[in-house]
Amino acid sequence: MRHLLIDACDLERHAPSGGKCLLHPVSLQVHGGDKVAVTGPSGAGKSVLLRLLALLDAPDGGSIRWHREAIDRKTIRHYRRSVAYLKQRAAMLDGSVADNLHAPFALKVYSDLRYSQQTVLDLLAAAGRDASFLNKQASELSGGEAQLTALLRVLQLAPTVLLLDEPTASLDPASAAVVEAMVDLWFAAIPGRAVVWVSHDPAQAARVSNRALRLQGGRVQQIGAPRDALP
């Protein structure tokens with residue numbers, strides 16, 4: 001029996017002003033081993049759903065449970081540590097790539113973890129890079145290199161669930177392939193991990209998932225196999 005990680009029930013979200021419903025009640029269960037693609041046209045509610053799952057926005061209705069338990073003040077830290085979110089254009093801090101990778105360890109939620117050079121080098125190798133990449137300045141990075149750095153920054157923390165909000169939408173095909181390969185490496189490294197990947201590309205969604213959720217106008221239009229993401 002697969003282990004239930006996230007149980008989102010009837011999540012609903014309205015626009016802060018005007019009250020327009022951005023997401024009608026949506027339910028989604030994420031189990032260990034799941035690779036869920038979320039697809040749909042612009043304005044379908046894909047990013048809205050992912051931000052709710054990441055606890056970046058509060059739902060106007062519904063609930064999220066972690067390991068079948070309600071998330072409260074005692075468990076929210078564990079949830080945020082276990083469920084990592086990466087947006088399309090993650091911000092870079094001033095300094096080098098190495099500086100950006102060290103930054104999370106200054107946060108209280110990761111205070112018991114230590115930066116591992118070997119972990120980073122292993123991830124870089126999967127991306128076809130060597131240690132010299134760590135010395136590059138953030139201001140000199142291309143869009144693909146910046147996204148690679150942002151992904152490294154997340155993956156080194158070994159989350160259990162990865163929430164990806166169109167992480168390759170602005171990248172060239174070669175850079176997008178690197179991101180996909182790194183996520184595959186992370187997913188396969190430890191059994192029981194899961195990924196929810198928002199994509200505007202139906203072919204990519206079918207390629208990176210074993211389940212597909214399609215949204216339309218803030219409503220669930222279809223849930224099925226990855227091939228269902230294809231037009």
Side-chain angles (χ1 to χ4, degrees), residues 30 33-39 46-47 50 53-54 82-105 113 115-212 226-227 229-230:
V30 180
D34 278 346
K35 300 168 76 174
V36 183
V38 181
T39 66
K46 304 184 298 296
S47 294
L50 215 66
L53 294 177
S82 302
V83 181
Y85 169 86
L86 181 66
K87 62 182 180 179
Q88 184 180 145
R89 293 183 181 88
M92 290 288 101
L93 304 175
D94 291 337
S96 66
V97 169
D99 292 332
N100 273 269
L101 298 184
H102 276 89
F105 299 97
L113 297 182
Y115 175 78
S116 169
Q117 180 90 345
Q118 191 57 54
T119 296
V120 169
L121 291 177
D122 289 344
L123 289 168
L124 280 174
R129 306 280 180 151
D130 58 29
S132 64
F133 182 72
L134 300 175
N135 298 321
K136 295 195 71 168
Q137 294 297 302
S139 58
E140 300 172 352
L141 299 178
S142 68
E145 290 173 331
Q147 195 68 338
L148 169 60
T149 302
L151 186 58
L152 283 169
R153 195 166 55 191
V154 168
L155 295 185
Q156 67 173 343
L157 302 171
T160 302
V161 181
L162 196 56
L163 305 177
L164 300 173
D165 195 354
E166 301 202 47
T168 64
S170 60
L171 303 185
D172 61 80
S175 297
V178 168
V179 170
E180 289 183 23
M182 291 186 66
V183 172
D184 281 343
L185 178 68
W186 162 84
F187 181 82
I190 297 178
R193 287 176 168 175
V195 58
V196 181
W197 189 313
V198 169
S199 179
H200 71 289
D201 179 356
Q204 181 188 63
R207 189 167 59 246
V208 302
S209 69
N210 53 29
R211 291 173 56 204
R227 64 178 179 274
L230 292 168

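Heavy-atom basis, side chains included; hydrogens, waters and symmetry copies ignored. None of the values given here were measured: they were computed from a predicted structure.
Q88 meets the side-chain contact (heavy atoms from CB on, under 4.5 Å) test with E166, A169, S170; sequence neighbours excluded. Judged as a side-chain contact (heavy atoms from CB on, under 4.5 Å), and not counting sequence neighbours, the contacts of A90 are L86, Q147, A150, R153.
Pairing each heavy atom of R193 with each of A158, the nearest pair is NH2-CB, 3.6 Å. Scanning both residues, A138 and M92, for their nearest heavy atoms gives CB-CB, 4.0 Å. When all heavy atoms of S199 and A205 are compared, the closest pair comes out as OG-N, 4.2 Å. Considering every non-hydrogen atom in both D201 and A203, the closest pair reads OD1-N, 3.0 Å. Here the closest non-hydrogen pair linking K46 and V38 is CD-O, 3.7 Å. When all heavy atoms of S116 and T119 are compared, the pair lying nearest together is OG-OG1, 2.9 Å.
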Step by step, work out the side-chain contact (heavy atoms from CB on, under 4.5 Å) result for L93 and D99. CA-CA 8 Å; L93 304 175; D99 292 332; over 6 Å; no
Would V178 and R129 satisfy side-chain contact (heavy atoms from CB on, under 4.5 Å), going step by step from the backbone distance to the final call? CA-CA 10 Å; V178 168; R129 306 280 180 151; over 6 Å; no
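Residues L134 and L124 have side chains in contact (heavy-atom distance under 4.5 Å, counting atoms from C-beta outward). Counting only heavy atoms from C-beta outward, the side chains of L157 and F105 approach each other to under 4.5 Å. Using a 4.5 Å heavy-atom threshold, the side chains of R211 and D34 count as touching. Looking only at side-chain heavy atoms (C-beta outward), V120 and F133 stay at 4.5 Å or farther from each other. For the pair W197 and E180, the minimum side-chain heavy-atom distance is below 4.5 Å. The shortest distance between side-chain heavy atoms of L141 and V97 falls below 4.5 Å.
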Side-chain atoms of residues 181-191: list all donor-acceptor pairs with protein atoms under 3.5 Å, sequence neighbours left out, distances to 0.1 Å.
| residue | atom | partner | partner atom | Å |
| --- | --- | --- | --- | --- |
| D184 | OD1 | K35 | NZ | 3.4 |
| W186 | NE1 | P159 | O | 3.3 |

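Between the CG atom in L123 and the CG atom in L152 there is a gap of 5.5 Å [rounded to 0.5 Å]. Here CG of D122 is found 12.5 Å from CD of Q156. Values are rounded to the nearest 0.5 Å. Interatomic distance, OH of Y85 versus CG of L162, reported as 11.5 Å (0.5 Å rounding).
At least one donor-acceptor pair closer than 3.5 Å links the side chain of N210 to the backbone N or O of G33. Not a single donor-acceptor pair under 3.5 Å links the side chain of T168 to the backbone N or O of L171.
Side-chain N/O atoms of S132 and N135 include no donor and acceptor closer than 3.5 Å.
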